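Accompanying notes for the structure given below.
If you're wondering where the values come from, they're calculated on a predicted model, not measured in any experiment. Counting starts at 1 for both ligands and their atoms, following the listed order.
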Amino acid sequence: MKIKESELIINPDGSIYHVNLRPEQIADTIITVGDPARVERVAAHFDKVETKVQKREFYTQTGTYKGKRLTVISTGIGTDNIDIVINELDALANIDLTTREVKKDLKSLNFVRIGTSGSIQKDIPVDSFVVSEKGLGFDGLLYYYEAEKVINQTYTAAINKHLKIQAGKATPYMVDGSQDLINLLSQEDKVYKGITGTNVGFYGPQGRVLRAKVSDPDFIDQLVTFNYEDKKVTNLEMETSAIFGLSKLLGHRAVAINAIIANRANGNFSENPKKAVDNLIRYSLNKLAQL
Ligand SMILES: O=P(O)(O)O[C@H]1O[C@H](CO)[C@@H](O)[C@H]1O
Ligand SMILES: O=c1cc[nH]c(=O)[nH]1
């Protein structure tokens, strides 16, 4: 069935609407970062770069690292941007943009988020790395899709039993990351693993109070004490749950690895977040070269 022009929007140069890329410009393994400046810092390690495209907050470079073809794209902040990036990259891989029809043979991409995050557990210090085994979404994005099957219903029930979510807020959901990618990125002892909370904001939604008071001052404490099958909520950021959810829904694999730049339990912030992120980039690229 032909997808209408209003739904699948193609630019005059044959690229897809927001990310401005053509199908041949993306690799099968795609690194997502929030900050467009981080794209340069990832691609600086590439052996060669074949594509550089920017539109809005979506900056992409495709090249090779140790011979492995990789794409790195910035998503900007938040799960609303993830909806755009994952859907458009999936369309580049799995929809024929000329006939506007879904291809018969579908491709499975690897999505790897290399991000920054705040730890909520005392024993996960700043400058460490956390691999997300599950994304805990406070964003509600996934409820706009037929996503019951990709949601981890057992963990979702457990977290909703544990938290006291007020009426009017989206029901939290959990989605698993891809086990083979989790294993690849967490081979070393220095890497922590856990459940990553994805919040709809940096301040109130993550329990930060500057001047505006929050509606549930107890929220972070509730998250800290969640423990199910020995798994805890380790860290908070703003994209992982949607990346995991949409990837799973569309048949892709996904993982997230974050540099911890803030420790909310101890109240401290990394003295050198740039160095922490650069270490994370180097570590992650070397693991991805093995894929
Ligand atoms: O550093 P990035 O990848 O943007 O990730 C984190 O930083 C931003 C907030 O400062 C949010 O996007 C959050 O997820
Ligand atoms: O605490 C933090 C740090 C980085 N990014 C977030 O979303 N939260």
Side-chain angles (χ1 to χ4, degrees), residues 30-43 54 56-61 71-86 111-122 124-132 134-139 141 172 175 177 185 192 194-210 214 219-221 223-224 233-247 254-285:
I30 298 170
I31 295 168
T32 73
V33 299
D35 182 359
R38 198 176 306 146
V39 170
E40 298 282 0
R41 284 158 65 192
V42 172
Q54 171 135 35
R56 298 182 180 241
E57 56 269 71
F58 311 114
Y59 180 34
T60 305
Q61 293 201 28
T71 289
V72 54
I73 183 169
S74 56
T75 63
I77 291 180
T79 54
D80 45 355
N81 285 342
I82 297 302
D83 183 60
I84 288 173
V85 170
I86 304 287
F111 287 104
V112 180
R113 166 169 154 75
I114 300 182
T116 64
S117 181
S119 157
I120 58 169
Q121 301 289 348
K122 270 194 165 53
I124 301 183
V126 293
D127 302 329
S128 63
F129 306 159
V130 175
V131 169
S132 310
K134 295 174 194 310
L136 162 57
F138 294 98
D139 49 278
L141 173 74
V175 183
L185 286 170
Y192 295 84
I195 300 169
T196 296
T198 295
N199 303 92
V200 292
F202 184 83
Y203 292 98
Q206 291 185 29
R208 284 189 171 88
V209 180
L210 302 185
V214 292
F219 178 56
I220 301 296
D221 290 341
L223 281 177
V224 171
V233 181
T234 43
N235 59 312
L236 303 180
E237 46 79 272
M238 298 176 63
E239 291 83 18
T240 292
S241 61
I243 295 173
F244 282 14
L246 281 175
S247 295
V255 71
I257 185 163
N258 280 284
I260 298 303
I261 56 169
N263 183 295
R264 305 291 307 288
N266 302 324
N268 58 356
F269 192 80
S270 170
E271 284 177 12
N272 195 343
K274 184 175 180 301
K275 187 171 166 209
V277 171
D278 283 336
N279 287 341
L280 179 69
I281 290 169
R282 229 172 290 116
Y283 171 81
S284 306
L285 283 174

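Taking OG1 of T79 as the start and CD of E237 as the end, the distance is 10.0 Å to the nearest 0.5 Å. Rounded to the nearest 0.5 Å, atoms CZ (R41) and CD1 (I281) are 5.0 Å apart. Atom CZ of F202 sits about 10.0 Å away from atom CG of L236, to the nearest 0.5 Å.
With a 4.0 Å heavy-atom cut-off, ligand 2 is reached by no atom of N199.
Here the protein heavy atom with the shortest distance to atom 7 (O) of ligand 1 is T116 OG1, 3.3 Å. Looking only at protein heavy atoms, the nearest one to atom 8 (N) of ligand 2 is Q206 OE1, 2.8 Å. Atom 12 (O) of ligand 1 has as its closest protein heavy atom E239 OE2, 2.6 Å. Nearest to atom 5 (O) of ligand 1 among the protein's heavy atoms is R113 NH2, 2.9 Å. Distance from atom 4 (O) of ligand 1 to its nearest protein heavy atom, with residue and atom name: G34 CA, 3.2 Å. In this structure, atom 1 (O) of ligand 2 lies nearest to the protein heavy atom R208 NH2, 2.6 Å.
Between R282 and D278 there is no salt bridge, since no side-chain N of the basic residue sits under 4.0 Å from a carboxylate O of the acidic one.
With 3.5 Å as the limit, one finds a donor-acceptor pair spanning the side chains of S241 and D139. Between N235 and S117, the side chains place a donor N or O and an acceptor N or O closer than 3.5 Å (distance only, hydrogens not considered).
Ring geometry for F219 versus F138: interplanar angle over 60°, hence perpendicular rather than tilted (30 to 60°).
Between E237 and ligand 1, no N or O atom pair is found at a separation short of 3.5 Å. At under 3.5 Å, not a single nitrogen or oxygen of I114, backbone or side chain, sits near a nitrogen or oxygen of ligand 1. For R264, no nitrogen or oxygen atom sits less than 3.5 Å from a nitrogen or oxygen atom of ligand 2, counting backbone and side chain alike.
Set against the non-hydrogen atoms of G115, the atoms of ligand 1 under 4.0 Å away are 3 (O). Short contacts between ligand 1 and F202, defined as distances under 4.0 Å to a heavy atom of the residue, involve ligand atoms 9 (C), 10 (O). Those atoms of ligand 1 that come under 4.0 Å of a heavy atom in R38, given as number and element, are 1 (O), 2 (P), 3 (O). In the vicinity of T116, heavy-atom distances shorter than 4.0 Å reach the ligand 2 atoms 4 (C), 5 (N).
Not a single donor-acceptor pair under 3.5 Å links the side chain of S74 to the backbone N or O of G76.
Taking every heavy atom of both residues into account, N263 and I124 meet most closely at ND2-O, 2.9 Å.
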